[in-house]
Amino acid sequence: MKKGVSFLETFALVALVSSLASASDPSPLQDTCVAIDEPKDAVFVNGKFCKDPKLTEAEDFFFSGLDKPGNTSNPVASNVTTVNVEQIKGLNTLGISMVRIDYEPYGENPPHTHPRATEILTVLEGTLYVGFVTSNPENRLISKVLNKGDVFVFPIGLIHFQFNIGHTNAVAIAGLSSQNPGVITIADAVFGSDPPINPDVLARAFQLDKNVVNYLQSRF
């Protein structure tokens with residue numbers, strides 16, 4: 001640091017670096033910031049315009065229907081019902097959301113990551129094999145079989161999955177530490193990008209024949 005920099009300047013620099021390094025949602029500076037689509041007479045916070053706090057109402061913090069099973073008629077035989085800031089506008093700036101996940105027998109929530117949230121999951125019905133993989137270079141699999149009432153945590157940003165190993169349907173509820181956690185499903189992102197990734201890139205990365213890559217891309 002150059003000579004003559006004051007304590008206040010140093011403190012401000014440290015605070016700036018700390019704020020830039022933060023990966024979680026910022027803390028709210030008011031009681032509510034209900035997201036609205038109309039920017040008139042509103043304040044822009046966390047990517048959403050805020051409703052005047054004096055106009056907030058119960059419906060801004062309410063969602064109905066999480067008791068209903070999701071439609072699992074799809075290739076992975078699972079369904080994620082999301083309850084984030086898009087469904088509950090009052091979640092804006094509060095740094096939390098949740099999901100319900102339904103699984104058919106041998107259905108899975110395929111390997112994916114949440115770039116902005118840690119996830120804590122509890123099994124309501126059934127038996128799930130779950131796990132996450134640590135970052136390079138170890139790439140260590142941390143996995144566990146969960147039964148009804150068991151809880152498991154998936155750290156922020158790490159690839160994780162759930163697989164129903166039971167003979168009956170399974171249900172789980174999960175909380176996430178962001179109003180908008182984001183989700184990147186690995187297979188969809190790699191083999192189903194738009195436009196497609198050059199097959200030569202994927203053939204080299206996955207040590208596969210190019211024809212295999214072309215087939216996988218056709219599936220997504």
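Below, each value reflects all heavy atoms present in this structure, side chains not excepted, and no hydrogens, waters or symmetry copies. Throughout, numbering of the chain's residues begins at 1 and tracks the sequence. Owing to the predicted nature of the structure, the values given are computational and were not obtained by experimental measurement.
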Using the side-chain hydrogen bond (donor to acceptor under 3.5 Å, both in side chains) rule, collect all pairs that involve residues 74-85, keeping only residues at least two apart or in two chains.
Asn79-Thr81
For Phe63, give me all partners under ring pair (Phe, Tyr, Trp, His ring centres under 6.0 Å), at least two apart in sequence or on another chain.
none
Just by distance, do the side chain of Ser178 and the backbone of Ile96 share a donor-acceptor pair under 3.5 Å?
no
Looking only at heavy atoms, which two atoms of Val213 and Leu208 are closest? And how far apart?
CG2-CB, 4.2 Å
Going from CD on Gln87 to CG on Leu66, what distance comes out if it is rounded to the nearest 0.5 angstrom?
10.0 Å
Same cluster (ILVMFWY, side-chain, under 4.5 Å), Leu121 and Met98:
no
Distance col, row Ile184:CD1 vs His114:NE2, nearest 0.5 angstrom, shows 10.0 Å
Val99 with Leu94, same ILVMFWY side-chain cluster at under 4.5 Å:
no
Heavy-atom pair with the smallest gap, counting every atom of Ala117 and Pro181
CB-CB, 3.6 Å
All pairs passing ring pair (Phe, Tyr, Trp, His ring centres under 6.0 Å) where residues 195-220 contributes a residue, at least two apart
Phe191-Phe206
Path from Val80 to Leu146 over hydrophobic side-chain contacts below 4.5 Å:
yes
Quick check against the 3.5 Å criterion: does Asn92 have a side-chain atom that pairs as donor or acceptor with the backbone of Lys89?
no
Should side-chain heavy atoms under 4.5 Å link Ile, Leu, Val, Met, Phe, Trp and Tyr, which residues sit in the same cluster as Val153?
Ile120, Val151
What closest approach, in Å, do Pro110 and Val76 show between heavy atoms, and which atom pair accounts for it?
CG-CG1, 4.0 Å
Looking only at heavy atoms, which two atoms of Glu125 and Val123 are closest? And how far apart?
O-CG1, 3.5 Å
Output the distance between atom CG (Leu202) and atom CD (Gln207), rounded to the nearest 0.5 Å.
12.0 Å
Write down the atom of Asp150, the atom of Val145, and the distance for their closest heavy-atom approach.
OD2-O, 4.3 Å
Which pairs of donor and acceptor atoms, one on a side chain in residues 163-175, lie under 3.5 Å apart (sequence neighbours left out)?
{"residue": "Asn164", "atom": "OD1", "partner": "Gly166", "partner atom": "N", "Å": "2.9"}
{"residue": "Asn164", "atom": "ND2", "partner": "Glu104", "partner atom": "O", "Å": "2.9"}
{"residue": "Asn164", "atom": "ND2", "partner": "Thr168", "partner atom": "O", "Å": "2.9"}
{"residue": "His167", "atom": "ND1", "partner": "Tyr106", "partner atom": "OH", "Å": "2.9"}

How many angstroms lie between CG in Leu55 and SG in Cys50, if you round to the nearest 0.5 Å?
12.5 Å
Quick test of your reading: applying ring pair (Phe, Tyr, Trp, His ring centres under 6.0 Å), list the pairs with at least one residue in residues 120-145, sequence neighbours left out, ordered by first then second residue.
Tyr129-Phe161
Within one Ile-Leu-Val-Met-Phe-Trp-Tyr cluster: Leu176 and Val85, side-chain cutoff 4.5 Å:
no
Residue list, side chain to side chain contact (heavy atoms under 4.5 Å, CB included) with Pro196, at least two apart or on another chain
Gln217
With sequence neighbours excluded, tell me which residues meet side chain to side chain contact (heavy atoms under 4.5 Å, CB included) with Asn139.
Val133, Asn136
Got a sec, which residues hit side chain to side chain donor-acceptor pair (under 3.5 Å) with Asn147, two or more places apart in sequence or on another chain?
Thr127
Asn214 to Pro199 - nearest heavy-atom pair and separation
OD1-CG, 3.4 Å
Sequence neighbours excluded, which residues qualify as salt bridge (charged side-chain N to carboxylate O under 4.0 Å, His left out) partners of Asp200?
Lys210
With Phe154, which residues qualify under ring pair (Phe, Tyr, Trp, His ring centres under 6.0 Å), at least two apart?
Phe152, His160
One should read off an interatomic distance between Thr56 OG1 and Glu59 CD, to the nearest 0.5 angstrom, of 12.0 Å
Do Leu124 and Val130 share a hydrophobic cluster, counting only Ile, Leu, Val, Met, Phe, Trp and Tyr and linking them when any side-chain heavy atoms are less than 4.5 Å apart?
no
Enter the distance from Arg140:CZ to Ser135:OG here, rounded to the nearest 0.5 Å.
11.0 Å
Sorted by first residue and then second, give each side-chain hydrogen bond (donor to acceptor under 3.5 Å, both in side chains) pair with at least one member in residues 184-199; sequence neighbours left out.
none
